[in-house]
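Encoded as structure tokens, the structure appears first; notes follow it.
Bear in mind the structure is a predicted one, so any value in this text is a computation, not a measurement.
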Amino acid sequence: MDSPGSVASVSPSRRPVLAWALWDWGSAAFNAVVTTFVFSTYLASELFVDPSIVVAANGNDDDPALVRALADNASLVGVALMIAGIVVALVAPVLGQRSDGTGRRKLWLGVNTGMIVLAMAAMVFVEATPGYLVLGATLLAVGNIFFEFASVNYYAMLTQVSTRENIGRVSGFGWGMGYVGGIVLLVLLLVLFIQSFGDSDAAGLLAAPKDGGLNIRLAVLASAVWFAVFAIPVLVRVPEIPAQRRQVRVGFFRSYVVLWGTLRSLWRDSRQVLLFLIASAVFRDGLVGVFTFGAIIAAQVFGFTSTEVLYFAVAANVVAGISTIFAGRLDDRFGPKRVIMVSLIGLIALGTVILFIGTSVPAFWVAGLSLGLFVGPVQSASRSFLARVAPAGREGEIFGLYATTGRAVSFLAPGLFALFVSLTGDTRLGILGIVLLLAAGLALMIPVKPKPAVIA
């Protein structure tokens with residue numbers, strides 16, 4: 001019999017592993033397209049600035065009024081994500097706990113994925129005018145809320161498709177699939193909807209009209225379909241949590257009482273797990289900042305066009321996908337904590353470099369692609385670390401806490417980004433807040449030891 005916190009000891013077949021990983025592949029439609037390289041940069045572009053300010057700037061990207069207006073738009077995106085984080089922090093652990101108790105992880109994964117897809121599809125209505133900025137930021141926030149809810153159940157299912165010997169590789173394979181999926185999807189969107197050919201008013205092989213940002217909106221709509229299609233295999237092929245591992249179901253509000261009992265038990269008997277949840281909350285929020293604001297910095301500071309942002313995205317995903325799959329093997333051999341520590345050090349160093357490279361585009365390419373070496377391994381190793389220590393049958397609850405602790409401080413990255421940008425009027429300096437968060441997470445991670453959780 002498995003000890004508390006261990007994963008299944010029976011080797012699963014490869015088919016459920018692939019079906020599970022295809023959700024990661026499909027989720028690139030949200031992670032890469034919506035939150036990082038396409039929709040978020042679309043919202044932060046000049047298209048959503050008062051036209052009179054753009055005309056007055058007359059092509060001068062350094063015009064103070066234009067710079068300030070762009071920074072204000074970036075700050076609005078940060079505020080929307082901060083509000084989304086508060087909602088997730090309050091609800092995620094209870095939803096994870098209830099999916100354990102009812103044995104319906106796949107059902108709730110399907111429901112929440114469906115809500116993400118609907119939010120993405122609705123983005124087609126966000127026209128490229130200032131009046132639609134709030135709608136765009138709201139849909140971005142809603143999508144993030146349901147993505148976190150879906151991730152709680154998806155991460156918990158890692159123990160249903162892996163063994164204690166290969167959990168790092170399975171987690172790394174899934175995350176690597178996400179990056180590869182991002183590459184394929186971004187290339188398709190670039191060719192079909194975004195790449196401009198000459199001075200045409202349309203873009204891509206499908207000749208999508210640029211007016212009102214329609215080509216970008218259609219690209220996001222296509223991404224919603226992509227996610228919906230690749231979310232199906234995990235719902236069909238991966239077995240549900242075994243009946244004997246399900247917990248007793250309680251009412252929604254009673255779930256908070258159970259949650260409080262779980263926290264007390266962890267504090268008393270498994271304090272290392274709580275320390276990891278706190279440390280990972282901080283450094284994962286820094287990673288959110290890297291994803292959400294990295295492309296905005298590329299566009300506003302280094303002058304990347306939407307097409308150039310996608311070129312960079314494809315290259316970054318290639319680097320990240322390869323490094324993450326390789327890091328999964330290092331995870332199984334040396335342990336997830338070492339992978340996390342080394343990766344955080346690399347991210348802090350490279351984030352600092354970006355602060356001092358001026359406006360050199362080649363230098364940004366080198367530093368940005370080097371960041372990709374470490375981003376994926378941190379996420380994959382964090383997922384496998386927690387799956388290793390979660391009590392059998394309580395993975396949803398523990399990953400709900402994982403989402404909650406992450407979102408409990410999720411105001412930090414967007415808040416610090418917005419603060420530094422607002423104080424200085426320089427979008428680049430927003431990265432300073434991200435570097436500080438990563439450094440704090442590294443410091444908090446040092447004393448953590450990988451001990452299985454014991455929950456009474």
Go through T113 and F30 one step at a time and tell me if the side-chain contact (heavy atoms from CB on, under 4.5 Å) criterion holds.
CA-CA 10 Å; T113 300; F30 187 78; over 6 Å; no
Classify the ring geometry between F39 and Y42 as parallel (under 30°), tilted (30 to 60°) or perpendicular (over 60°).
tilted
Contact check, side chains of L347 and L287, non-hydrogen atoms, under 4.5 Å:
yes
Carboxylate-amine/guanidinium proximity below 4.0 Å for D331 and R388:
yes
Closer than 3.5 angstrom, by distance alone: can the side chain of T324 be matched with the main-chain N or O of G321 as a donor-acceptor pair?
no
Salt-bridge present (R169, D332; N to O < 4.0 Å)
yes
Before giving the answer on side-chain contact (heavy atoms from CB on, under 4.5 Å), spell out for N73 and L43 the whole-Å C-alpha distance, their side-chain angles and the decisive distance to 0.1 Å.
CA-CA 7 Å; N73 286 358; L43 294 179; over 6 Å; no
Looking at L218 and A208, what are the two nearest heavy atoms and their distance?
CD1-CB, 4.1 Å
Report yes or no: do S162 and W20 form a side-chain donor-acceptor pair below 3.5 Å?
no
Looking at G213 and A128, what are the two nearest heavy atoms and their distance?
N-CB, 3.8 Å
Evaluate the criterion side chain to side chain donor-acceptor pair (under 3.5 Å) for residue pair R284 and Q379; output intermediate values, then yes/no.
CA-CA 8 Å; R284 284 186 295 124; Q379 297 170 306; over 6 Å; no
Are a donor atom and an acceptor atom from the side chains of Y154 and N112 found within less than 3.5 Å of each other?
no
State, yes or no, whether a side-chain contact exists between F374 and I340 at a heavy-atom distance under 4.5 Å.
no
Given the rule in the side-chain contact (heavy atoms from CB on, under 4.5 Å) test, do L221 and M123 qualify, once you have shown the distances and angles that lead to the verdict?
CA-CA 7 Å; L221 180 61; M123 292 174 186; over 6 Å; no
Hey, could you give me the CG/CG distance between L432 and L437, rounded to the nearest 0.5 Å?
10.0 Å
T35 side chain to S40 side chain, donor-acceptor N/O pair below 3.5 angstrom:
no
To the nearest 0.5 Å, what is the distance between CG on L436 and OG1 on T352?
8.5 Å
Sidechain-backbone polar pair: S380 side chain, P377 backbone, donor-acceptor under 3.5 Å:
no
Within a strict 4.5 Å, meaning less than it, do heavy atoms of the V184 and L188 side chains meet?
yes
Side-chain contact, heavy-atom cut-off 4.5 Å: L190 with L186?
no
Side chains of F385 and V339 in contact at under 4.5 Å (non-hydrogen atoms)
no
Taking side chain as C-beta onward, heavy atoms only, is R329 less than 4.5 Å from R333?
no
Closest heavy-atom pair, S343 versus V378, reported as atoms and distance to 0.1 Å, is CB-CG2, 3.1 Å
Ring pair (Phe, Tyr, Trp, His ring centres under 6.0 Å) assessment of W23 paired with F227
CA-CA 8 Å; W23 193 91; F227 197 177; 5.5 Å; yes
Can you give me the closest heavy-atom contact between S223 and A29, atom names plus distance?
O-CB, 3.2 Å
With a 3.5 Å distance limit and no angle check, can you tell me whether K106 reaches the backbone of P239 through a side-chain donor-acceptor pair?
no
In terms of the angle between their ring planes, are F276 and F283 parallel, tilted or perpendicular, with boundaries placed at 30° and 60°?
perpendicular
Distance check, rounded to the nearest 0.5 Å: S151 atom OG versus F146 atom CZ?
13.0 Å
What is the minimum heavy-atom distance between M157 and V238, and which atoms define it?
CE-CG1, 3.5 Å
Side-chain touch D211/D201, heavy atoms, less than 4.5 angstrom
no
Rounded to the nearest 0.5 Å, what's the gap from CG on L344 to CG on L438? Could you check?
6.5 Å
Under 3.5 Å, side chain of K337 to main-chain N/O of I446, donor-acceptor pair present?
yes
Roughly how far, to the nearest 0.5 Å, is the CE atom of M177 from the CG atom of D24?
8.5 Å
Decide side-chain contact (heavy atoms from CB on, under 4.5 Å) for V170 and F173; before the verdict, give the C-alpha distance in whole Å, the side-chain angles of both, and the deciding distance to 0.1 Å.
CA-CA 5 Å; V170 173; F173 174 68; 5.5 Å; no
Answer with yes or no after comparing the ring centroid distance for F364 and F304 against a 6.0 Å cut-off, counting only values under it.
yes
Using 30° and 60° as the class limits, which term best fits the ring planes of F230 and W226: parallel, tilted or perpendicular?
tilted
Using 30° and 60° as the class boundaries, would you call the ring planes of W365 and F312 parallel, tilted or perpendicular?
perpendicular
Which heavy atom of P336 sits nearest to which heavy atom of S384, and what is that distance?
CB-OG, 3.7 Å
Side-chain touch F302/I357, heavy atoms, less than 4.5 angstrom
yes
Just how far is it from atom CG of L158 to atom CG of L386, taken to the nearest 0.5 Å?
10.0 Å
